[in-house]
Amino acid sequence: MIDLEHLTITNAHNALSRGEYTVRELVDAYRAEIEKKNTDLNVYTSLFTDIDERVAIAQEMFTQGTATLLTGIPLALKSIIAKKGQVTNASSKILEHYTATYSATVVERLEQAGVIFLGSANADEFAMGASTENSAFGVTKNPVDPTRVAGGSSGGSIAAVKANMALAALGTDTGGSIREPAAFCGVIGLKSTYGAVSRYGSYPMGSSFDQITPTAKTIEDIRIVEEAMRGEDGYDMTCLPNEVWEKEVTKKTYTIAVPKRLVDGSDEEVKKVFYAFVNRIQQEGHTVTEVDIPILDMALAVYYILIPAEVSSNVARYDGLRYGTKVPGKDLWDTYAKTRGQGFGDEVKRRIMLGTYVLSAGYADKYYEKALALREELKSELKKVFATYDFILTPTAPSVAPKIGSLGDDPLKEYLLDVFTVTANTAGIPALSLPAGNTEEHLPVGAQFMAAWEKDNQLIDIAKKLGF
Amino acid sequence: MINVQPTVIREADVRHLARLAQLDLSDAEVTKFSTQLTSILQYVDRVKGVEISDDVKRDFRKINVFREDDHAHEAGEDREAILAEMPQCEDNMLIVQKILSTD
Amino acid sequence: MERKGTKTGKTYYPTIGLEIHAEMKTHTKMFCRCKNDPFASEPNTHICPICTGQPGTLPYVNKQAVKNVMRVGVALGSTLADFSEFDRKNYFYPDIPKAYQISQYQYPLVSHGSLLGIAIERIHMEEDTATSIHKGDRSLVDYNRSSVPLMELVTKPVIHDADTAVAFAKELQLLLRTLGVGDANLEKGEMRIEANISLSESGYFDGDFSKLGTKTEVKNLNSFKVVHAAIEYELARQLAILEGESTGTIVQETRGWDENKQCTFSQRSKETADDYRYFPDPDIPKYRFSELPEFSSEVLRASLPELPWEKRARYSTAYSLKEEDIEFYLQHPLFDALFADAVSTLSGTDAYQKASNYISTVLVGYHNGDAVGEIANVRGSEVAQVVSMIAEGKLSSRGARDVLSALFKDGGTAHDVAEKHGYLQQSDEGALVAIVQKIIADNPEQTERYKKGEQKLLQYFVGQGMKETRGSGNPEILSNLFKKMLAQ
């Protein structure tokens, strides 16, 4: 029996290298967990059909001596990341049976390294949501407490890691979609600097916010996956040049700003765990200062203007004509409207209409243009903060994982869960969610570190210093 | 802060947006979205009151990106997969309902 | 130009603005690495996940396409953008697979400038749509053309008649071809012209758009002839409405051209409202061209070939060519190169014009007719040689044509060909004297009549001489010899 609960990429690699078990045995161990838990937790929407081929290739890499740290490592892949020849449906009815016609850059890079993608992990439809309740294929339950949501949108990816249904996973993070479920489930989620990882092959939600992100139980595993993915790509113009990652940025101790007024809007049980975590950080020699950053109050509003705007354009291509689920109408226009009206879930439709509204003639200047300007202001304010402090620290989410169904019919309630996380995406800075501790009810609470642009390595360093 | 009228999205507005976005909505959806969009827009309305200086400094982390115009990839590399996803084809072309109404 | 209302006697001022799209000739498409070959015989050959709008794909800008548009801008004396960005134009249509076209809105690559004195508003870069074939109740979509680089040039509304509009479009076509940035064939849709047409009762455009009448936009004009006819038709149609001679009102709309009926017709192609919700494409970083030396106007200008209007001036001044010959060379680069080669070793207006004449009439005749051979066989230096040999009296004009014909067929040098085929003109009096004597001896009757004063018989003798020398005798020398010897 392989101890999946405490397995790390490095340990697995060593065991595979030494022949303690084969790639097949490792993969089968995860498949057995999936077999056991998936019906209940709803983590994967489908398993990939090429696992056996990939296992053989990975094992051969060990035989040939060409194995990398990631060879034979089983990963879950969020349902919005394309893998050629496999159903990649973004947890949406409109793409239910769509087989990706190409692979995402990250999938190519990781498969090159020998990674074995087990299956398509459930998510909120097109990554829109914070609970996976917006998936067309049902909610993903929280492995810690199955009466609660895993969080979202990368809920399937996170739950896969937490429930030992994958050793690590890829998700995406547009406004907290990896960090928030990581916090709800008690694992680690890193959202790198915008442009660190090629977005090619990740079905876009907000193109100027999206990042493909790793999740795992240890920071070292996160680092391994992240470094294998990141770097320039001839298919994504927004990728940052490779040189930015070569700079040495780590320090012995760090200075940390806590925007107290904002943090104190959180639930009591969250604050309790959070401030205990802050104490622990201070005891380890880091400096924590309470600050007020008023512009942060605007971040969520800016986010929920710009995101729908980009969404309305990004999902316009799903019309059932060239691919996907078509609902024929009496003429072409009727087909468009029926296909999209029936193919999209409520949250996607809401964002499409919001985006259409804020971009339409007469409103663009009041909403879209204003939000763009505020986004620049946010960046410049953050620049000032990071001139003094290495990190901004907040809880990852203002509450613990909500009960399934408790968010009800008020979308704004779900949006407010993003209050701490959207800032990083709006400004393009890196952020990391670490398990800060559990509430008295044994529910995980996450702490989020935000760092300046391209200081991703500094985030990994503080996590390591704190023993993750 | 300037005082701004709270935004209200009426059902007619929802229908107009749905038409622009090619979304067929039921009457019940129209009613529901009218309430929900109103509530969300009233939250984001806070940006409308913010004074923005005319000369916002735009911070672009990456500029001037190009691809050289060479190495056209082989014809039809992904063609089969793309055509296979099309619901209906004729002579390797996508069939759609008539697209020009020229009355 | 102004039109008078036949009923009211009012003066109407026609205003025409053109929007011209032209496909850019590049190796690859605008945003992906598919071959730019919209006319591939097999549909959906040059397609990939990007240009068919598969989920998750991203654009990557083709540098050459952008450069091509900037080169056009430099040629037109325009202002090149320092800051520029791409925007999304959102609308639904089967030929636009992303449901948005990547185009430019607020910051076009090129602004201002002029062509043939017509002021230009802007030129921007965008991507072409797929092509569709309409078959009964369905349409068939081919994505070979999807995302081919496309420039859109918009003139200011400063054109007032169909002739000028056509001249502008032709000149733009010539410029694009000269720059090598596009083939710009209207018939193939490589260049597409839309005309915005209106009639105003209060004068021409002076910057105040409110002065202009209600405009209609006429589209799908696939030849210069059609452009002309459609503008004329539309002006007449609008005039008739304004004058109350026909019913209806002028509404701002898109109209097509019916080739059979030779008229424009209202075209309601889109049922969605025209709210394109433009916004900067977040997938494409911005541009600051001042940071890129290869995009500076100096560098781009240095990359330009001789522009049509420069060539016109030079050919007129240096070679005194006729306007129609100059236009011929502008339209036919192959013959233009031949001409340039030929005149490089010649001097004198007479020689230039002769060379031009042989190229633009004789050789073109061979090239376009069913003469055996090819124009590539003829070197400019040999055309020059032919011209020189005529001047030196070594070739008659008939001999010159024979030499050119032989060169066209087999190549070689003018000298060798003339010698080999005996086309050299005999100007050697000594050799011709014997022939002249023989002809006089053989034609006693004509000699008699000539001597009695029938002077016109001289032509008969010269003709006999030409016959005897099989065309190689210099007719002038023959004529002089006959005159001299018949007088004896």
Side-chain angles (χ1 to χ4, degrees), chain A residues 84-85 98-99 101-102 194-195 234 237-241 297-298 300-302 304-305 312 316 319-324 326 329 331-338 340-342 344 346 349-350 352-354 356-357 360 366-367 370-374 376-377 379-380 409-412 415 428 453, chain B residues 4 7 9 13-14 16-26 29 32-37 39-54 56-62 65-67 71 77-88 94-101:
Chain A
K84 188 170 184 167
Y98 173 70
T99 302
T101 56
Y102 70 104
Y194 181 78
M237 300 179 78
T238 59
C239 271
L240 293 170
D297 298 351
M298 281 291 167
L300 196 67
V302 169
Y304 277 104
I305 290 168
S312 68
D319 55 19
L321 296 187
R322 282 150 291 113
Y323 50 80
K326 177 152 119 183
D331 59 24
L332 179 67
W333 303 112
D334 195 35
T335 299
Y336 269 120
K338 283 208 161 70
R340 292 166 56 78
Q342 294 174 33
F344 289 130
D346 279 1
K349 285 191 234 180
R350 267 191 294 273
I352 290 172
M353 284 189 284
L354 275 173
T356 304
Y357 180 77
S360 60
K366 294 186 186 73
Y367 289 100
K370 268 268 158 73
L372 270 191
L374 276 167
E376 294 308 318
E377 203 152 297
K379 287 190 215 170
S380 76
D409 225 9
D410 181 5
L412 195 54
Y415 294 179
W453 296 265
Chain B
V4 256
T7 303
I9 298 291
D13 300 323
V14 174
H16 172 70
L17 294 172
R19 205 162 32 246
L20 271 177
Q22 295 290 355
L23 293 171
D24 188 29
L25 300 183
S26 67
E29 282 182 302
K32 178 175 70 182
F33 287 139
S34 146
T35 314
Q36 293 177 338
L37 297 186
S39 128
I40 297 163
L41 283 166
Q42 288 186 353
Y43 176 79
V44 303
D45 268 350
R46 62 183 63 194
V47 306
K48 289 160 91 180
V50 176
E51 298 279 0
I52 300 293
S53 69
D54 287 342
V56 180
K57 276 212 193 88
R58 300 219 271 174
D59 165 48
F60 303 122
R61 307 202 61 77
K62 214 179 174 195
V65 185
F66 286 113
R67 160 178 74 79
H71 306 302
E77 236 170 52
D78 305 291
R79 184 183 189 219
E80 295 312 317
I82 293 165
L83 293 180
E85 288 304 308
M86 293 183 178
Q88 289 167 292
L94 172 71
I95 302 178
V96 297
Q97 285 153 298
K98 194 174 160 197
I99 59 179
L100 265 173
S101 56

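Chain identifiers are assigned alphabetically (A, B, ...) following the order of the sequence lines, protein sequences preceding nucleic acid strands; residue numbering begins at 1 within each chain. Every value quoted in this text rests on a predicted model; they were computed, and no experiment measured them.
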At a 4.5 Å cut-off on heavy atoms, which part of A/Tyr194 comes close to chain B: side chain, backbone, both, or neither?
neither

Largest heavy-atom contact set with chain B, pairs under 4.5 Å, which of A/Trp453, A/Tyr415, A/Tyr336
A/Trp453

Whatever's closer than 4.5 Å to a heavy atom in chain B on A/Thr238 counts as backbone

Quick check on A/Ser312 against chain B: is it the side chain, the backbone, both or neither that has a heavy atom closer than 4.5 Å?
neither

Please report the shortest heavy-atom distance between B/Ile40 and A/Pro411, naming the atom on each side.
CD1-CG, 3.9 Å

Which bit of B/Val96 comes within less than 4.5 Å of chain A, counting heavy atoms only: side chain, backbone, both or neither?
side chain

Rounded to the nearest 0.5 Å, how far does CG of B/Leu20 lie from OH of A/Tyr357?
13.0 Å

Heavy-atom contact with chain B under 4.5 Å, split by part of A/Lys349
both

Kindly give the heavy-atom pair with the smallest separation between A/Gly320 and B/Pro87, and that separation in Å.
O-CG, 3.6 Å

To the nearest 0.5 Å, atom CZ of A/Arg350 lies from atom CD of B/Glu29 at 10.0 Å

Please enumerate all residues that pass side chain to side chain contact (heavy atoms under 4.5 Å, CB included) together with A/Lys338, with sequence neighbours excluded.
A/Val327, A/Asp334, A/Gln342, B/Asp24

Give, for atom OH of A/Tyr367 and atom CG of B/Leu41, the distance between the pair rounded to the nearest 0.5 Å.
5.0 Å

Are any side-chain N or O atoms of A/Lys370 and backbone N or O atoms of B/Lys48, one a donor and one an acceptor, separated by less than 3.5 Å?
yes

Portion of B/Glu80 that has a non-hydrogen atom of chain A nearer than 4.5 angstrom
neither

Could you verify whether a donor N or O on one side chain and an acceptor N or O on the other, from B/Glu85 and A/Thr101, lie under 3.5 Å apart?
no

Non-hydrogen atoms of A/Pro241 and B/Lys62 that approach each other most closely:
CD-CE, 4.3 Å

As an exercise, state the distance from CG of B/Asp13 to OG1 of A/Thr356, rounded to the nearest 0.5 Å.
12.5 Å

Are A/Asp346 and B/Lys32 ion-paired here, with the side-chain N under 4.0 Å from a carboxylate O?
yes

Could you tell me which portion of A/Asp409 (side chain, backbone, both or neither) has an atom closer than 4.5 angstrom to a non-hydrogen atom of chain B?
both

Minimum heavy-atom separation for B/Asp78 to A/Lys84, with atom names?
OD1-NZ, 3.5 Å

Flag the one option from B/Leu83, B/Leu23, B/Leu37 with the top tally of heavy-atom pairs under 4.5 Å to chain A.
B/Leu23

In Å, rounded to the nearest 0.5 Å, how long is the span from CD of B/Gln97 to CG of A/Leu321?
8.5 Å

Specify which of A/Leu354, A/Leu240, A/Ile352 makes the most heavy-atom pairs with chain B at under 4.5 Å.
A/Leu354

Atom group of B/Leu94 that falls short of 4.5 Å from chain A, counting heavy atoms:
side chain

Steps toward side chain to side chain contact (heavy atoms under 4.5 Å, CB included) verdict (B/Leu25, A/Met353):
CA-CA 11 Å; B/Leu25 300 183; A/Met353 284 189 284; 3.9 Å; yes

Among A/Gly85, A/Ala301, A/Cys239, which residue forms the greatest number of heavy-atom pairs with chain B at distances under 4.5 Å?
A/Ala301

